[in-house]
Amino acid sequence: MTTRRALTAAASRYTQRKLRPRAVDQSWQTTAWGYYKSTPEVRFAARWTANAMSGALLYAGYRNDRGIIERAPVNHLATEIVSRVAGGPDGQAQLLGRFGPHLTVAGEGWIVVRPILNKDTGATVGEDWRVLSVREVQQQSSKLVATIDGFPVEIPGDPEDGAPDPNAPVAIRVWDEHPENHQEADSPVRSSLGLLEEMQLLNAAVKAIARSRLTGRGLVLVPKGTKFPSTPVQGDPEDDLIDVFMTVAETAYKEPESAAATVPIILEVPAEMIGDIKRLTFESDFDALAKELREECIRRFATGLEMPAEILLGMGNVNHWGVWQLSQEAIRLAIEPRLGIVAHALTTQWLRPILEAEGVSDWHRWLCWYDTSPLRVRTNRSETAIKVFELGGISSRALRRETGFDEADAPTKAELDERDRRTRDANSEEDTLPVDETTSEPDTLPASATPAHDAALLAAADGLIWAALSAAGSKAKRTPACPRSERGRARDIDPAELHTLLRVEATQVDQWGLLDGAWNRAPEIALRYGLDPECLTATLDSYVRELIAAGVPHTYETTAGVLRSPCMAMAA
């Protein structure tokens with residue numbers, strides 16, 4: 001309990017120094033939230049982002065010397081701190097999801113953390129994490145006042161003397177910085193406020209058109225003296241005609257779903273002015289134009305959401321491959337940047353201050369990061385994971401994750417022992433079979449190679465693989481897989497390992513020509529060691545493609561497994 005209390009206090013001291021930003025313009029955020037309430041397209045975009053963000057996972061990471069983020073060890077303090085954010089995975093999913101509307105609409109939100117105290121001892125037994133909007137957190141002098149569950153909660157600033165109260169709430173501001181003024185928030189909705197106002201006007205125009213057509217479908221000119229079928233209460237035929245039509249018009253207004261809504265207004269004119277009953281309508285070109293203009297506004301709004309416009313407009317005739325590709329682009333363009341904003345705030349205003357206060361020397365290398373692999377549904381991901389696992393390229397934990405299982409599905413020690421016993425029994429039975437009934441597969445190729453020959457072949461194949469991955473990485477830097485904002489960091493990473501950071505799908509390897517010319521020397525090496533050139537090329541090419549698609553690094557130890565291909569078992 002003591003450790004948790006000290007950690008909260010450390011973050012509190014650091015965060016409170018951040019609670020005095022200069023006054024910024026927030027009036028537009030009130031307007032933006034108004035459109036969230038009244039415009040379904042805004043709400044859809046915000047909720048879609050929220051649902052996607054809630055599917056990501058937070059974890060503690062460590063940035064190594066090559067700039068690659070590695071997962072923190074299970075027993076490290078950073079792992080403990082991140083695992084306690086929002087009370088664990090369930091609370092973290094809700095925390096991330098709630099920031100979807102905040103970052104899409106207002107570009108800003110707050111995290112307020114309040115220690116949960118034991119009433120008897122006063123010790124901290126946990127934290128209550130809340131995500132609040134900018135309208136729920138107001139700055140008053142040197143403190144903040146947050147509205148939580150309808151009650152005001154004071155978040156004090158730095159005391160003039162002495163240490164801050166370790167039991168005081170902590171506030172963390174999370175915002176998408178505006179490029180012109182980093183203290184101001186920016187959002188896709190902010191740049192579309194004028195467009196949304198125009199859309200609202202067009203909605204009103206279409207609504208007015210509908211109402212006008214409902215109560216008056218134009219005019220019907222009736223010659224004076226026209227007779228109408230008699231009614232139960234017979235009166236003046238002309239009056240009967242008008243009375244019946246007026247009754248129908250009143251019914252159309254009161255009951256829009258009735259057939260009477262299509263009846264026009266009746267106007268009686270002298271018979272000599274018209275020969276027959278005529279209908280006049282008031283439709284104008286603007287009636288159809290208003291609908292087209294509204295659709296154009298929706299399309300323009302969709303293009304400004306920092307996600308594929310098809311997400312809002314609908315997939316239409318896009319096939320399943322196109323839907324899959326658009327989903328990947330939406331995660332990369334709309335979800336991951338917003339996850340990065342939340343993760344950065346938790347890193348700089350929660351995790352690192354606590355690590356520094358606890359005396360962790362390399363506190364600046366640790367960070368709270370996100371994993372979007374649960375959002376990425378790849379058609380060949382599971383199959384690729386199985387193949388790479390068989391080659392020793394990934395762990396059992398990674399295999400379970402990529403095939404949709406969790407650690408609760410891992411086999412127990414008793415089950416592993418039983419599996420090993422069955423394998424030994426099966427192998428002993430094979431040893432008793434006649435020689436002509438067994439099949440053999442060489443461990444390395446060719447079968448008659450000497451140990452020195454074998455090692456040289458492995459080294460040559462390993463060199464080809466590394467060269468292919470390096471060429472693919474260098475080319476990937478110039479593709480959409482590596483946005484301009486990431487190219488500076490990509491230059492500091494070995495090209496052969498760049499595929500572990502960039503999201504490259506199997507179909508994009510050929511689309512972008514990442515492996516073009518990568519196997520020019522493969523036939524020469526194959527002939528040098530008595531192998532089939534086509535088989536060696538195909539085997540190495542298939543392996544490298546699987547590594548790129550799965551985002552898994554290559555190791556020398558897996559090379560021998562790659563070369564265990566039946567097609568390469570030819571005479572030396």
Asks: Among Ile69, Thr347, Leu58, Leu57, which residue meets the side chain to side chain contact (heavy atoms under 4.5 Å, CB included) test with Trp369?
Replies: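 Testing Trp369 for a side chain to side chain contact (heavy atoms under 4.5 Å, CB included) against Ile69, Thr347, Leu58, Leu57 leaves exactly one candidate, Ile69.
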Asks: What do the steps show when you test Arg114 against Asp128 for side-chain contact (heavy atoms from CB on, under 4.5 Å), and what is the final call?
Replies: CA-CA 5 Å; Arg114 296 182 296 173; Asp128 175 42; 2.8 Å; yes
Asks: Assess the residue pair Trp48 and Met307 against the criterion (side-chain contact (heavy atoms from CB on, under 4.5 Å)); give the C-alpha distance rounded to whole Å, side-chain angles, the decisive distance to 0.1 Å, and a yes or no.
Replies: CA-CA 11 Å; Trp48 184 91; Met307 67 174 69; 3.8 Å; yes
Asks: Ignoring hydrogens and angles, tell me if any N or O in the side chain of Asp362 forms a donor-acceptor pair with the backbone of Arg365 under 3.5 Å.
Replies: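 No, the answer is negative, given that no donor and acceptor are paired below the 3.5 Å cut-off.
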Asks: Considering all heavy atoms of both residues, which atom of Lys475 and which atom of Gly513 are nearest to each other, and what is their separation?
Replies: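 Looking at all heavy atoms of both residues, the shortest contact is NZ-O, 3.1 Å.
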Asks: Any chance you could measure Glu136, atom CD, to Ile148, atom CD1, to the nearest 0.5 Å?
Replies: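 Glu136 atom CD to Ile148 atom CD1 measures 8.5 Å (nearest 0.5 Å).
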Asks: Please check this pair: side chain of Ser54 against backbone of Leu96, looking for a donor-acceptor N/O pair closer than 3.5 Å.
Replies: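 No, Ser54 side chain to Leu96 backbone: no donor-acceptor pair under 3.5 Å.
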Asks: With distance as the sole criterion, is a donor-acceptor pair present between the side chains of Glu336 and Thr372 under 3.5 Å?
Replies: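 Distance-only check passes for Glu336 and Thr372.
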Asks: I want to check something: taking the side chain as every heavy atom from C-beta on, are Trp28 and Val189 in contact at a cut-off of under 4.5 Å?
Replies: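 When only atoms from C-beta onward are counted, Val189 and Trp28 do not touch, as no gap falls below 4.5 Å.
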Asks: Is the backbone of Tyr59 close enough, under 3.5 Å, to the side chain of Gln92 for a donor and an acceptor to pair up by distance?
Replies: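 Side chain of Gln92 to backbone of Tyr59: no pair is present.
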Asks: So how far is it from Thr500 OG1 to Leu547 CG, rounded to the nearest 0.5 Å?
Replies: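 It comes to 10.5 Å.
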Asks: Let me confirm one number: the CE-CG distance from Met53 to Leu95, rounded to the nearest 0.5 Å.
Replies: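 Answer rounded to 0.5 Å: 8.5 Å.
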Asks: Let me confirm one number: the CE-CD distance from Met199 to Glu296, rounded to the nearest 0.5 Å.
Replies: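 One gets 10.5 Å once the value is rounded to the nearest 0.5 Å.
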Asks: May I ask you to test the Ile68-Glu497 pair for a side-chain heavy-atom distance under 4.5 Å?
Replies: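 Yes; the side chains approach each other to less than 4.5 Å.
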Asks: My understanding is that only one of Leu514, Val509, Val504 makes a side chain to side chain contact (heavy atoms under 4.5 Å, CB included) with Arg545; could you say which?
Replies: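 Looking at Leu514, Val509, Val504, the match for Arg545 under the side chain to side chain contact (heavy atoms under 4.5 Å, CB included) is Val509.
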Asks: Can you check side-chain contact (heavy atoms from CB on, under 4.5 Å) on Gln349 and Ile172, steps first, answer last?
Replies: CA-CA 7 Å; Gln349 301 188 48; Ile172 301 175; 3.6 Å; yes
Asks: Does a salt bridge link Arg190 with Glu184, judged by any charged N lying under 4.0 Å from a carboxylate O?
Replies: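 Result for this pair is yes, salt bridge flagged.
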Asks: Evaluate the side-chain proximity of Trp129 to Glu127: yes if any heavy-atom separation is below 4.5 Å, no if none is.
Replies: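 The answer is yes, as the side chains (C-beta and beyond) meet within the 4.5 Å cut-off.
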Asks: Report yes if some heavy atom in the side chain of Val174 is under 4.5 Å from a heavy atom in the side chain of Glu108; otherwise report no.
Replies: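 No; the side chains remain at least 4.5 Å from each other.
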Asks: Could you tell me which non-hydrogen atom of Ser83 sits nearest to which non-hydrogen atom of Glu80, and how far apart they are?
Replies: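 Smallest interatomic distance, heavy atoms only, reads OG-O, 2.7 Å.
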Asks: So does Arg300 have more than 12 non-hydrogen atoms from other groups sitting under 6.0 Å from CZ?
Replies: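 Count not over threshold, so no.
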Asks: Restricting to non-hydrogen atoms, name the atom on Ala50 and the atom on Gly97 that form the minimum distance, rounded to 0.1 Å.
Replies: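 Scanning both residues completely, I find the closest heavy atoms to be CB-O, 2.9 Å.
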Asks: I want to check something: taking the side chain as every heavy atom from C-beta on, are Leu312 and Leu305 in contact at a cut-off of under 4.5 Å?
Replies: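 Yes. Closest side-chain heavy atoms under 4.5 Å.
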Asks: Could you tell me the separation between the CD1 atom of Ile341 and the CG atom of Leu346, rounded to the nearest 0.5 Å?
Replies: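 With rounding to 0.5 Å, CD1 (Ile341) is 12.0 Å from CG (Leu346).
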Asks: Less than 4.5 Å apart, any side-chain heavy atom of Leu144 and any of Gln138?
Replies: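 In short, these two side chains do not touch, never coming nearer than 4.5 Å.
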Asks: Sub-3.5 Å donor-acceptor pair from the side chain of Glu358 to the main-chain atoms of Leu355, do we have one?
Replies: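 No: the side chain of Glu358 does not pair with the backbone of Leu355.
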Asks: First locate atom CG of Leu502, then atom OG1 of Thr479, and finally report the distance between them rounded to the nearest 0.5 Å.
Replies: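 If we round to the nearest 0.5 Å, Leu502:CG and Thr479:OG1 are 7.0 Å apart.
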Asks: Can you tell which of Trp33, Trp175, Trp110 makes a ring-ring contact (aromatic ring centres under 6.0 Å, His included) with His102?
Replies: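 So, applying the ring-ring contact (aromatic ring centres under 6.0 Å, His included) to His102 and each of Trp33, Trp175, Trp110, only Trp33 qualifies.
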Asks: Pair Ile354, Trp350 - check side-chain contact (heavy atoms from CB on, under 4.5 Å), show working.
Replies: CA-CA 6 Å; Ile354 296 177; Trp350 184 259; 3.8 Å; yes
Asks: Hey, are the side chains of Glu356 and Trp366 touching, using non-hydrogen atoms and a 4.5 Å cut-off?
Replies: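 No, their side chains stay 4.5 Å or more apart.
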Asks: Between Pro169 and Ile155, what is the shortest heavy-atom contact and its length?
Replies: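 In terms of heavy atoms, the two residues are closest at O-CG2, 3.5 Å.
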Asks: What are the two closest heavy atoms between Ser187 and Val105, and how far apart are they?
Replies: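 Between these two residues, the closest heavy atoms are OG-O, 2.7 Å.
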Asks: Does a salt bridge link Arg338 with Asp176, judged by any charged N lying under 4.0 Å from a carboxylate O?
Replies: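 Looking at Arg338 and Asp176, the cut-off is not met.
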Asks: Check whether the side chains of Arg173 and Gln183 place a donor and an acceptor atom closer than 3.5 Å, and report yes or no.
Replies: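 Distance-only check passes for Arg173 and Gln183.
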Asks: Which pair of heavy atoms, one from Phe301 and one from Leu195, lies closest together, and at what distance?
Replies: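 Taking Phe301 first and Leu195 second, the nearest heavy atoms are N-CD2, 3.3 Å.
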Asks: Quick one: does any side-chain atom of Thr104 pair with a main-chain N or O of Pro101 as donor and acceptor, under 3.5 Å?
Replies: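 The answer is no, because no donor-acceptor pair under 3.5 Å joins these two groups.
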Asks: Donor-acceptor pair, distance only, cut-off 3.5 Å: does the side chain of Arg478 make one with the backbone of Ser474?
Replies: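 Yes.
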Asks: Does Val145 offer a backbone N or O that forms a donor-acceptor pair with the side chain of Glu154 under 3.5 Å?
Replies: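 No, Glu154 side chain to Val145 backbone: no donor-acceptor pair under 3.5 Å.
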Asks: Looking at side-chain heavy atoms only, is the closest gap between Arg63 and Leu367 below 4.5 Å?
Replies: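 The answer is yes; the side chains approach within 4.5 Å.
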